Amino acid sequence: MSFPLLTATAVLPAIGAVATAAVPAARRTAAKWLALLVSLATLALAITVLVRFDPDGARYQLTESHAWIADFGVRYELGVDGIAVALIALTALLIPFIVLAGWHDADPLETGSKRWRPTQGFFALILAVEAMVIISFEATDVFLFYIFFEAMLIPMYFLIGGFGDRAHEHGEAAASTQRSYAAVKFLLYNLVGGLIMLAAVIGLYVVAGNFSLQEIVQARASGSLHMATSTERWLFLGFFFAFAVKAPLWPLHTWLPNAMQESTAPVAVLITAVVDKVGTFAMLRYCLQLFPEASKWATPAILVLSLISIVYGALLAVGQRDIKRLVAYASISHFGFIIMGIFAMTSQGQSGATLYMVNHGISTAALMLVAGFLISRRGSRLIADYGGVQKVAPVLAGTFLIGGLATLSLPGLAPFVSEFLVLVGTFARYPAIGIIATFGIVLAALYTLVLYQRTMTGPVKPEVSTMPDLRARELVVVAPLIVLLIFLGVYPKPVTDIVNPAVKQTMSDVHKTDPKPSVEAAK
């Protein structure tokens, strides 16, 4: 029997989470190092998955299948296509940086009669989230996917509510209240989406008789499984609603700014660069493959919602006073681009959307983690409390600028390629949507450059005059992300070669081909 590589990639961080939580309370540093080593070992396994995956081979590779709950047709089935491989690699890559960036975020701190939760718990929860996200990308049984799609909410709830940002202008009591509110809002929004999806999962089982993604897709393609139009549409909406909450898509997005504002910077990265990608990934894997006709039926409405997310998120980012809320609204705008690319139903749009998931994860991690280092020095999230930082901390300011320029999709940095592909793919089929979406780029330039101007340039404020530059640990976190942003901006081929075959197969599932150019080339 071959080595269960996919299982190992998900189980290793789960075991690491348990081991980290079990480290004695007095040995906090040992818990940190254990979590870091486990995350690096998981990255090594993810790289092995990447190396062993053949883009020109079978659609799902490294598959595993075992009986689980036979009476209900539930199996433990895993398999990865090019899209899943890219997102597993992204997740495994970011977690070590998240651990390093949060090295001191959960250290005990006396605040009146209250103490922060144990350091071990913070890092154990991060590893638990990693395990659940990875197996969500690997699962090819719908019920198995649903379990971990929902289960990841539990550790995220405690990370937001129990280990929130210490920088709060209204004191610890108000901060605790705001953290609790943000954590509960996050949980409730996602639980409601999950419960609606559960009803759709049960409905799918009633119609199909099993939960195997591959079997259902093959049965639909062969004509042996037929869904009534109304049934397919209702099931699609049940799945899509849950994924749209997780993504997040307007108007189901309101939990994200609160969650990111009240979280530590590493946890904010975990939310938007890792966990939220499960929603957009699931749209490609489940919505389009299981319900192709309903996906085409819903496309016009989803494109309008995506367009609103792009413009609305960017407009609100322009007016933010809080650095973290600005990044949160910018992410809502970016997720609008991703979802727009998915439902443009073109190979360029879907390739761009998948590449955008990877590039957005790297660029948001770079910007938010540097912002976190900045906030930890000053003790404030408010933009108005900064000024002239580039004169006292030029490396910090420089990395912040590169992260910001990546956010506005500057040519030469990774997000530009993906955003360009999304816009080209959308314009080819929906020109009006593509044209209006370009305003999101203009607004991104506005909120990014204004943020940099107000925090990094101008006279040096007394409160930042002694601010230290990036330390060695912080440089280890930021430098590889900056290198990746530049490398993938100049040479995105390693990622596109992996995801393009999977995108072509998804296009085939929904019986779509790229539109022909409306103007023939001159002879």
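What you are looking at is a predicted structure, and each value in this text was computed from that prediction instead of being measured.
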When you compare the side chain of [Y] with that of [X], does any pair of heavy atoms fall below 4.5 Å?
X	Y	answer
Ile339	Ile302	yes
Ile135	Val11	no
Ile271	Trp255	yes
Pro415	Leu485	yes

Could you tell me whether the side chains of [X] and [Y] share a donor-acceptor contact shorter than 3.5 Å?
X	Y	answer
Thr91	Glu130	no
Tyr329	Gln320	no
Thr280	Tyr356	no

Cation-pi, Phe149 ring and Lys246 (6.0 angstrom, 45 degrees): yes

Whether Phe211 and Phe143 hold their rings parallel, tilted or perpendicular, with breakpoints at 30° and 60°: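 Phe211 vs Phe143 ring planes: tilted.
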
Quick check for you: to the nearest 0.5 Å, what is the distance between [X] atom [atom1] and [Y] atom [atom2]?
X	Y	atom1	atom2	answer
Ile83	Leu355	CD1	CG	11.5 Å
Met283	Thr506	CE	OG1	14.5 Å
Ile98	Thr264	CD1	OG1	9.5 Å
Leu303	Thr426	CG	OG1	7.0 Å
Gln261	Leu326	CD	CG	11.5 Å

Nearest heavy-atom neighbours spanning [X] and [Y]:
X	Y	answer
Gly352	Val422	C-CG2, 3.6 Å
Ala365	Val269	CB-CG1, 3.7 Å
Asn359	Ser418	ND2-OG, 3.3 Å
Ile342	Gln350	O-NE2, 3.0 Å
Arg285	Gly79	NH2-O, 3.7 Å
Gly82	Ala502	N-CB, 3.9 Å

Residue pairs fulfilling salt bridge (charged side-chain N to carboxylate O under 4.0 Å, His left out) with at least one residue in residues 136-158, sequence neighbours excluded: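 Qualifying pairs, neighbours excluded: none.
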
Can you name the residues that form a ring-ring contact (aromatic ring centres under 6.0 Å, His included) with [X], not counting sequence neighbours?
X	result
Phe236	Phe240
Tyr286	Phe145
Phe335	His360
Tyr157	none

Passing option when Arg325 is tested against Leu316, Asn258, Leu256 for side chain to side chain contact (heavy atoms under 4.5 Å, CB included):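 Single side chain to side chain contact (heavy atoms under 4.5 Å, CB included) partner of Arg325 among Leu316, Asn258, Leu256: Asn258.
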
Salt bridge flag under 4.0 Å for residues Arg59 and Asp509: yes

Electrostatic pair Glu262-Lys185, nearest N-O below 4.0 angstrom: no

Contacts of [X] that satisfy side-chain contact (heavy atoms from CB on, under 4.5 Å) - sequence neighbours left out:
X	result
Pro480	Phe97
Ser333	Ile310, Ala314, Phe337
Val478	Val370, Phe373, Thr399, Ile482
Glu215	Asn210, Ser212

Could you list the donor-acceptor pairs under 3.5 angstrom formed by side chains in residues 33-47, with sequence neighbours left out?
from: Ser39; atom 1: OG; to: Ala35; atom 2: O; distance (Å): 3.4
from: Ser39; atom 1: OG; to: Leu36; atom 2: O; distance (Å): 2.6
from: Thr42; atom 1: OG1; to: Val38; atom 2: O; distance (Å): 2.9

Pair listing, ring pair (Phe, Tyr, Trp, His ring centres under 6.0 Å) test, anchored in residues 43-65, at least two apart: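 Qualifying pairs, neighbours excluded: none.
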
Set of side chain to side chain donor-acceptor pair (under 3.5 Å) partners for Lys493, sequence neighbours left out: Asp497

Counting neighbours of [atom1] on [X] that are heavy atoms of other residues, nucleotides or ligands and sit closer than 6.0 Å, is the number greater than 12?
X	atom1	result
Arg473	CZ	yes
Tyr205	OH	yes
Trp234	CH2	no

Leu6 backbone acceptor or donor facing Glu64 side chain under 3.5 Å: yes

Sidechain-backbone polar pair: Ser295 side chain, Cys287 backbone, donor-acceptor under 3.5 Å: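 Judged by distance alone, yes, a pair lies under 3.5 Å.
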
